[in-house]
Amino acid sequence: MEKLTGLKKTRTAVFISGSGSNLKNIIKFSKIKKSPISIDLTVSNTTKATGLQYADHFNIKKKIFASKNFKNEEKKILLLLKKEKIKFICLAGFMKILSKEFIKTFDGKIINIHPSLLPKYKGLNTHGRAIKNKDKFAGCTVHYVTGKLDSGKIIMQKKIKIATRDNSISLAKKVLKQEHKLFLDAIMKIFN
Ligand code: GRF
């Protein structure tokens with residue numbers, strides 16, 4: 001990633017599909033002076049993403065692309081990203097898989113947060129699988145997005161201990177708390 005020059009923050013879009021707690025956290029961070037990014041756009045693939053409320057709350061442009069043919073939607077998203085001069089994308093609980101063509105347009109400029117210690121547990125239900133396998137540790141990973149699901153270069157990871165009383169819900173809660181911190185640390189790492 002290019003180093004920050006002067007006081008200009010990199011124009012960034014956050015893609016979400018759900019509750020948006022990571023989005024909220026990134027927006028708050030983006031407003032502090034040392035943040036290398038500004039959040040200028042929120043994209044969702046569903047009207048059901050309750051996290052869109054944070055875009056409203058913080059007065060950030062939001063756009064929903066919910067048609068079933070997501071390939072078509074991608075074209076529209078790319079046009080919007082260009083119009084908004086977006087240079088960096090954070091996927092934060094975004095549940096659609098972006099096409100190789102899309103990723104190529106933003107090569108090395110898209111990062112994702114995944115709730116497991118990759119390469120373990122790519123895909124869904126990471127916490128349930130960790131509990132079922134009686135793992136001692138769980139965690140989260142921020143990585144670059146490539147054409148292969150949850151497989152791009154790892155930027156940062158945070159490991160946490162799984163307690164014997166943990167179930168997938170309590171574990172998800174614990175990991176999410178760490179995700180909030182890790183995402184910001186990873187952004188700082190990329191731009192420094
Ligand atoms: C996070 O656990 C993220 O890693 C996963 O979906 C969850 C999104 O949470 N892919 P939120 O929408 O940021 O609250």
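Both ligands and their constituent atoms are indexed starting at 1 by order of listing.
- Ligand-side atoms of ligand 1 in range of S19: 11 (P), 12 (O), 14 (O), range being under 4.0 angstrom from any heavy atom.
- Ring orientation note: the planes of H143 and H114 are nearly perpendicular, at an angle over 60° on the 30°/60° scale.
- Partner of I86 under the side chain to side chain contact (heavy atoms under 4.5 Å, CB included) criterion, out of T10, T12, D40: D40 alone.
- Between K104 and E101 there is no salt bridge, since no side-chain N of the basic residue sits under 4.0 Å from a carboxylate O of the acidic one.
- Residue G20 holds the heavy atom nearest to atom 12 (O) of ligand 1 of all those in S17, G20, G18.
- An N or O contact shorter than 3.5 Å is missing between H114 and ligand 1 by distance.
- Summary of contacts: the protein heavy atom closest to atom 7 (C) of ligand 1 is G93 CA, 4.3 Å.
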Derivation and outcome, side chain to side chain contact (heavy atoms under 4.5 Å, CB included), residues D135 and K120 = CA-CA 11 Å; D135 287 357; K120 234 178 171 183; 3.3 Å; yes
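- At least one heavy atom of I113 sits closer than 4.0 Å to an atom of ligand 1.
- Each of the following atoms of ligand 1 lies closer than 4.0 Å to a heavy atom of E179: 1 (C), 2 (O), 3 (C), 4 (O).
- For an aromatic pair to be called close, the ring centres must be under 6.0 Å apart, and F183 with F29 fails this.
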